[in-house]
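Comments concern the structure below.
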Amino acid sequence: MTENTVRAIVENFFANYSKRSKNILTGSEITPQLLSRHTARYGMSLAPNEQPILVVNHLQCFGVIELLEKIPYLGKFIELMNWQKTGIVLTDTNVYFGTLKLSPFTSLTMLKGPSGCRKLNDIKSIGIGDHDACVGTAYVGHIFQINDEALGYIRMGGKIEFDGDELELLNAFFPYFVAKLKEMEKIQEVK
């Protein structure tokens, strides 16, 4: 898979899909500052030639970034809140992610879940599953799945309420993306 191939798949989807979200970024919207936040959040480490193509959850939450930049000591408190340590970064070769633990008590303690990286070549399916089933009424996130494995809860936006727009967009994007990847693999096999 090449950067141009993956980038073309993403650009084609977003050019033809009517909805957008300020929490799902592509192309020039992805800044070095944004990538450094994701690196700090869940230990993402891009290879030297690896190119980010799509970023989910960029912390436009209640003006958190603006507060962090203006009041540095507040940043230390907010760092302790694991809910901000979720997200997805799709590159030309990998999918990086950070999640919260699949536990009924995550709403009370914001238990950190798995973070990691999966090679695009190994992905058979990717998606956003059911809403959390945590104690209380606070929205924690939705289940993030790769290859039908439930990895953890992920926040796709930063609003206090349900990430409905992001959920709809990603549940349209991921099946399209995986189908296009499979098409590209078959074409490469034929060559």
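Every heavy atom of this structure was used, including side-chain atoms; hydrogens, water molecules and symmetry mates were not.
Counted by atom type alone, T91 and E50 present one or more donor-acceptor pairs between their side chains at under 3.5 Å.
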**Asked** Given I9 and Y176, is the side chain to side chain contact (heavy atoms under 4.5 Å, CB included) satisfied, shown in steps?
**Response** CA-CA 9 Å; I9 292 170; Y176 170 86; 3.8 Å; yes
**Message:** Between E166 and N23, does the side-chain hydrogen bond (donor to acceptor under 3.5 Å, both in side chains) criterion hold? Intermediate values first, please.
**Reply:** CA-CA 7 Å; E166 294 82 7; N23 296 304; 2.9 Å; yes
**Item:** Worked check of side chain to side chain contact (heavy atoms under 4.5 Å, CB included) between I88 and Y96
**Value:** CA-CA 6 Å; I88 303 168; Y96 296 89; over 6 Å; no
**Request:** Test K22 against E29 for salt bridge (charged side-chain N to carboxylate O under 4.0 Å, His left out), laying out the working first.
**Result:** CA-CA 10 Å; K22 65 182 180 180; E29 299 170 318; over 6 Å; no
**Request:** Determine, stepwise, if the pair I123 / F177 fulfils side chain to side chain contact (heavy atoms under 4.5 Å, CB included).
**Result:** CA-CA 10 Å; I123 291 180; F177 181 72; over 6 Å; no
**Request:** Assess whether side chain to side chain contact (heavy atoms under 4.5 Å, CB included) is satisfied between I128 and F173, documenting all intermediate values.
**Result:** CA-CA 10 Å; I128 309 295; F173 171 71; over 6 Å; no
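Between T99 and S115 the shortest side-chain heavy-atom distance does not fall below 4.5 Å. Two residues are said to be in side-chain contact when any heavy atoms from C-beta on lie closer than 4.5 Å; P52 and L35 meet this criterion. Looking at L151 and E149, their side chains come closer than 4.5 Å, going by heavy atoms from C-beta outward. Taking the side chain as every heavy atom from C-beta outward, L54 and V89 never approach each other to under 4.5 Å. L170 places a side-chain heavy atom less than 4.5 Å from the side chain of I24.
In this structure, the side chain of D92 does not engage the main chain of V6 through any donor-acceptor pair within 3.5 Å. The backbone N or O of N12 lies less than 3.5 Å from a partner atom in the side chain of N16, making a donor-acceptor pair. For K124 (side chain) and V178 (main-chain N/O), no donor-acceptor pair under 3.5 Å exists by modelled atom type. Between the side chain of N121 and the backbone N or O of T93 there is no donor-acceptor pair closer than 3.5 Å. At distances below 3.5 Å, not a single donor-acceptor pair connects side-chain atoms of Y153 with backbone N or O atoms of K101. A donor-acceptor pair under 3.5 Å is absent between the side-chain atoms of T86 and the main chain of G98, judged by distance alone.
For the atom pair T31 OG1 and L25 CG, the distance stands at 8.5 Å (nearest 0.5 Å). For the atom pair NZ of K119 and SG of C117, the computed distance is 6.0 Å after rounding to the nearest 0.5 Å. Note that CD1 of I126 is 8.5 Å distant from CG of N147, once rounded to the nearest 0.5 Å. Atom CG of residue N171 and atom CG of residue L167 lie 5.0 Å apart, to the nearest 0.5 angstrom. Atoms CG and CD, on N49 and Q51 in that order, are 7.5 Å from each other to the nearest 0.5 Å.
By the 30° and 60° cut-offs, the orientation of the rings of Y17 relative to F13 is parallel.
Of all the heavy atoms in L169 and S21, the pair that sits closest is CD1-N, 4.0 Å. Taking every heavy atom of both residues into account, M44 and T39 meet most closely at O-CG2, 3.1 Å.
Listed by chain and residue number, nothing satisfies the salt bridge (charged side-chain N to carboxylate O under 4.0 Å, His left out) test with E11 (two or more places apart in sequence, or in another chain).
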